[in-house]
Amino acid sequence: DENLKSREEHREFSAPLKLVDGRRTFHSNLHDTLDVRQMQRFVRDLSAKPFPIPLCLVYAERDPVVPPIVGDKLRKLVPAAQFIQLTEASHFAHVDASERFVEAVLPFLSH
């Protein structure tokens with residue numbers, strides 16, 4: 001919901017897109033995350049060997065960008081990962097539910 005974002009957030013999120021390298025990076029990220037073949041490769045890689053570092057997956061219950069089912073699937077692929085699901089938060093939980101986000105991830109970061 002664009003009405004929930006502040007003008008400052010709009011400026012911050014859009015700033016990289018004003019630069020050629022920022023647009024290239026954005027395009028690369030979209031390619032890596034939305035291309036079905038890339039995702040199949042990603043799943044195959046995760047299934048072949050354990051994730052190399054500790055991982056904490058944080059998902060919001062009502063995320064319109066990355067629905068919780070994605071977190072559930074990733075959780076199965078990386079069973080050693082810590083899984084946190086926040087209520088009353090969005091895709092930008094670190095912004096709109098910052099206190100709950102920090103409280104939830106701090107134990108993981110403290111290790």
Hey, does Lys73 have a side-chain heavy atom less than 4.5 Å from the side chain of Val70? no

Taking the side chain as C-beta and beyond, is there a heavy-atom pair between Pro54 and Phe108 under 4.5 Å? yes

Listed partners of Glu103 passing salt bridge (charged side-chain N to carboxylate O under 4.0 Å, His left out), at least two apart: none

As a test of understanding, state which of Phe83, Phe51, Phe42 forms a side chain to side chain contact (heavy atoms under 4.5 Å, CB included) with Leu74. Phe42

Same hydrophobic cluster for Leu19 and Phe26, using side-chain heavy-atom links shorter than 4.5 Å among ILVMFWY? no

Might you confirm whether atom CD1 of Ile69 has over 12 heavy atoms from other residues, nucleotides or ligands at distances under 6.0 Å? no

In the single-linkage hydrophobic clustering (I, L, V, M, F, W, Y; side-chain heavy atoms under 4.5 Å), do Val95 and Val102 co-cluster? no

Answer with yes or no after comparing the ring centroid distance for Phe92 and Phe13 against a 6.0 Å cut-off, counting only values under it. yes

Which value, rounded to the nearest 0.5 Å, describes the distance between Leu17 atom CG and His27 atom NE2? 13.0 Å

Residue pairs fulfilling salt bridge (charged side-chain N to carboxylate O under 4.0 Å, His left out) with at least one residue in residues 78-98, sequence neighbours excluded: Arg62-Glu88

Where Ala97 and Ala89 come nearest, the two heavy atoms and their spacing: CB-CB, 3.9 Å

To the nearest 0.5 Å, what is the distance between NE2 on His94 and CD on Glu99? 15.0 Å

Path from Val66 to Val78 over hydrophobic side-chain contacts below 4.5 Å: yes

Within the 4.5 Å heavy-atom criterion, are Tyr59 and Leu86 side-chain neighbours or not? no

Which residues share a side-chain hydrogen bond (donor to acceptor under 3.5 Å, both in side chains) with Arg24, sequence neighbours left out: Asp21

Keeping the roles fixed (side chain from Arg75, backbone from Ala81), state whether a donor-acceptor pair exists under 3.5 Å. no

In short, Gln82 meets Ala104 closest at the heavy-atom pair NE2-O, 4.4 Å

Is any side-chain heavy atom of Ile84 closer than 4.5 Å to one of Leu57? no

Taking only residues two or more places apart in sequence, or in another chain, which ones meet Asp32 in a side-chain hydrogen bond (donor to acceptor under 3.5 Å, both in side chains)? none

Run the side-chain hydrogen bond (donor to acceptor under 3.5 Å, both in side chains) test against His91 and tell me which residues pass, sequence neighbours left out. Asp63

Do Leu109 and Phe101 sit in one hydrophobic cluster, given that two such residues count as connected whenever their side-chain heavy atoms are within less than 4.5 Å of each other, even indirectly? yes

Tell me, which pairs form a side-chain hydrogen bond (donor to acceptor under 3.5 Å, both in side chains) where one or both residues lie in residues 37-56, sequence neighbours left out? His31-Gln38, Asp35-Arg37, Gln38-Arg41

